[in-house]
Amino acid sequence: MYEAAIAHNLTRFLLVLCISLAVATLPRVFGWFRQVPYTLMLVIVGLGLAFIDVRFVELSPLPDSDDLSAASLV
């Protein structure tokens, strides 16, 4: 069970790493990308991925109100 979750999370991490490394190599391949800051390129790529609805992180649902009250007692 844990191995499958680790493999799934590792796959997502490696995908994000590949995308960020691809963005980092753009200025080396295309000279005119050197004028654009790296952070701005990451934001543009992130917006593009959000536009096509690529999700690297699955957000868990909010805990029940019972869980919150039990956590506050600890």
Side-chain angles (χ1 to χ4, degrees):
M1 178 176 163
Y2 292 116
E3 292 85 12
I6 291 172
H8 180 69
N9 290 336
L10 185 62
T11 303
R12 288 186 174 215
F13 170 75
L14 290 176
L15 184 61
V16 171
L17 183 66
C18 287
I19 289 173
S20 60
L21 288 176
V23 170
T25 58
L26 283 176
R28 302 263 181 197
V29 177
F30 304 106
W32 51 275
F33 270 117
R34 291 184 183 156
Q35 299 171 357
V36 180
Y38 176 67
T39 307
L40 181 60
M41 284 193 292
L42 283 177
V43 168
I44 292 170
V45 168
L47 288 173
L49 290 172
F51 182 71
I52 59 173
D53 200 25
V54 175
R55 296 183 185 188
F56 296 119
V57 178
E58 292 177 14
L59 299 175
S60 62
L62 292 174
D64 295 334
S65 59
D66 297 333
D67 293 339
L68 291 175
S69 62
S72 63
L73 295 175
V74 175

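When reading the values below, keep in mind they use all heavy atoms of this one structure, side chains included, and skip hydrogens, waters and symmetry mates.
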Check the surroundings of atom CZ in Phe13: do more than 12 heavy atoms from other residues, nucleotides or ligands lie under 6.0 Å from it? no
Please say yes or no: joined through hydrophobic side-chain contacts below 4.5 Å, possibly via intermediate residues, are Trp32 and Val45 part of one cluster? yes
Table please: side-chain donor-acceptor pairs of residues 15-31 below 3.5 Å, with sequence neighbours left out.
| residue | atom | partner | partner atom | Å |
| --- | --- | --- | --- | --- |
| Ser20 | OG | Val16 | O | 3.2 |
| Ser20 | OG | Leu17 | O | 2.9 |
| Thr25 | OG1 | Leu21 | O | 3.3 |
| Thr25 | OG1 | Ala22 | O | 2.9 |

Taken to the nearest 0.5 Å, the spacing of Thr11 OG1 from Ile6 CD1 works out to 11.5 Å
Got a sec, which hydrophobics cluster with Tyr2, joining ILVMFWY side chains under 4.5 Å apart, including via others? none
Contacts of Leu40 that satisfy side chain to side chain contact (heavy atoms under 4.5 Å, CB included) - sequence neighbours left out: Val36, Pro37, Ile44
